[in-house]
2 protein chains.
Amino acid sequence: MARKTGSHGNITGPKVQAAALHLIARHGFAAVSMRQIAHEVGVQAGALYRYTPDKQTLLFDLMRGHMDALLTARAAVARDDSGAVAPLIRLDEFVRFHIRFHLERPDAVFVSYMELRNLTPENFAALEAQRSDYENQLEVILRSGVAAGEFGLADTKITTLAIIAMLTGLTTWYREDGRLPLMQIEQIYTGLVRGAVSVS
Amino acid sequence: MARKTGSHGNITGPKVQAAALHLIARHGFAAVSMRQIAHEVGVQAGALYRYTPDKQTLLFDLMRGHMDALLTARAAVARDDSGAVAPLIRLDEFVRFHIRFHLERPDAVFVSYMELRNLTPENFAALEAQRSDYENQLEVILRSGVAAGEFGLADTKITTLAIIAMLTGLTTWYREDGRLPLMQIEQIYTGLVRGAVSVS
DNA sequence: GTCTATATTGAGATAGAC
DNA sequence: GTCTATCTCAATATAGAC
């Protein structure tokens with residue numbers, strides 16, 4: 001029952017992250033000032049430094065948080081696929097997972113892709129390792145499909161990158177109140193991906 | 001024979017554009033200062049304002065120049081397709097054109113995609129119109145293929161965006177000295193696209 | 001056509017009061 | 001835990017000499 005009034009640390013921290021993510025997604029990391037972020041949170045600029053040592057770390061924490069969430073969520077889905085699930089089913093599953101996860105957090109996706117340039121080399125390398133880990137999970141599916149003779153692919157590595165680019169591109173134009181409901185969009189994309197990997 | 005020594009206007013102008021494109025692609029528009037651009041050109045910052053009224057216009061000119069070049073180059077290719085060329089052939093042609101054009105100018109592609117946020121609303125609208133024009137050319141091909149019964153597509157609009165995202169994604173990882181030669185990469189991508197639009 | 005110098009503004013980050 | 005105040009530095013853009 002301790003820790004009552006006057007202690008906002010557990011609420012301001014997340015608000016700083018949310019405000020930073022929101023503003024950086026819209027204007028870019030370099031274009032957003034600590035003062036702007038503070039204003040959106042409702043505090044003065046100096047107060048932000050209780051929650052991050054500097055602006056660069058704030059950016060990295062956002063991006064690392066996004067990649068951690070991606071890999072964790074993916075692991076929860078992929079866990080059920082141990083063993084006898086057919087490659088085509090696992091491919092559909094991956095496509096749906098990728099679309100859902102990315103459409104649910106467009107700001108984080110945008111920032112994680114656009115602001116890689118603004119990371120220090122070490123921070124960049126850490127995120128690249130996570131991204132590579134994720135991509136590799138799709139490539140494993142493609143390879144198993146090729147091995148089973150169910151997929152017809154010229155190159156699993158390039159096809160992996162091509163599919164992920166295609167799926168992630170969805171985030172640049174998708175609107176919740178758009179022409180088609182999400183489930184139908186998912187079906188269209190699974191169809192496109194199935195076609196791309198089919199034996200011709 | 002007039003206009004000799006002391007007149008560098010016709011050379012410094014392009015150098016400013018080239019330096020700006022190069023630096024903005026690497027660090028982002030907001031992160032690059034006019035001083036940095038001037039330094040790369042080999043002049044002082046004040047001199048840049050002989051070639052652009054302000055930083056915003058410099059960015060817009062780069063992006064508009066890229067889109068103009070894209071539409072002009074595309075028109076030169078598409079001109080030969082009046083009439084009896086089969087949809088599948090025109091689709092292959094579009095894929096190869098898109099890949100070649102984009103891989104030849106990675107900096108301009110990167111800037112034109114990443115810095116849309118930093119444009120004024122009017123400048124943004126002007127570029128969006130051009131982008132829409134380009135995308136529409138692919139959609140026309142897809143529609144003609146559907147009409148001829150040669151393509152099996154759930155939705156030409158979404159498929160257009162999906163294909164373009166897939167192709168443009170190539171620019172993020174392609175290296176001239178990479179594992180595969182460009183011609184082979186083009187073949188892989190035409191194969192992927194053919195599969196995606198094929199009747200299943 | 002480019003320079004130097006400068007006006008003006010705002011950035012990231014820190015110190016110390018409360 | 002947040003505030004005010006401030007240090008230090010660098011940004012865009014302009015003016016006027018050469």
Atom [atom1] of [X] and atom [atom2] of [N]: how far apart are they, to the nearest Å?
X: B/Gln44; N: D/dA11; atom1: CD; atom2: P; result: 13 Å
X: A/Lys55; N: C/dG12; atom1: NZ; atom2: P; result: 4 Å
X: A/Phe29; N: C/dG12; atom1: CZ; atom2: P; result: 8 Å
X: A/Lys15; N: D/dT2; atom1: NZ; atom2: C1'; result: 13 Å
X: A/Leu48; N: D/dT4; atom1: CG; atom2: C1'; result: 15 Å
X: A/Leu23; N: C/dA11; atom1: CG; atom2: P; result: 12 Å
X: A/Ile11; N: D/dT2; atom1: CD1; atom2: P; result: 11 Å
X: B/His39; N: D/dA11; atom1: NE2; atom2: P; result: 13 Å

**OP:** Kindly state whether the ring of A/His102 and the ring of A/Tyr174 have centres lying under 6.0 angstrom apart.
**Re:**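 Centroid separation for A/His102 and A/Tyr174: 6.0 Å or greater.
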
**OP:** May I ask you to verify if any side-chain N or O of A/Thr12 is less than 4.0 angstrom from the OP1 or OP2 atom of D/dT2?
**Re:**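 A/Thr12 to D/dT2 OP1/OP2: side-chain N or O found under 4.0 Å.
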
Subject >> Under 4.0 angstrom between A/Ser33 side-chain N/O and C/dG10 OP1 or OP2 >> reply: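 No.
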
**OP:** Could you go through the salt bridge (Lys or Arg N to Asp or Glu O under 4.0 Å) check for A/Glu186 and A/Arg100 one step at a time?
**Re:** CA-CA 9 Å; A/Glu186 285 179 8; A/Arg100 292 252 168 142; 2.4 Å; yes

Short side-chain donor-acceptor distance under 3.5 Å, [Y] and [X]:
X: B/Gln56; Y: B/Asn118; answer: no
X: A/Thr160; Y: A/Glu135; answer: no
X: B/Ser144; Y: B/Arg90; answer: yes

Nearest of [options] to any side-chain atom of [X]?
X: B/Tyr51; options: C/dG1, D/dA13, C/dA13; answer: C/dG1
X: B/Ala47; options: D/dC3, C/dT2, C/dG12; answer: C/dT2
X: A/Tyr49; options: C/dT4, C/dT2, C/dT14; answer: C/dT14
X: A/Val43; options: C/dA13, D/dT2, C/dC3; answer: D/dT2

**OP:** Tell me what A/Val41 touches on the nucleic acid: a base, only sugar-phosphate, or nothing, going by heavy atoms under 4.0 Å.
**Re:**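 No contact.
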
Original post:
Under 3.5 Å, is there an N or O donor on one side and an acceptor on the other linking the side chain of A/Arg35 and the base of C/dG10?
Top reply: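 Check fails, no donor-acceptor contact within cut-off.
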
**OP:** Identify, between A/Arg50 and A/Met34, the residue whose nearest nucleotide on DNA chain C lies closer to the 5' end.
**Re:**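 It is A/Met34 whose nearest nucleotide is closer to the 5' end.
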
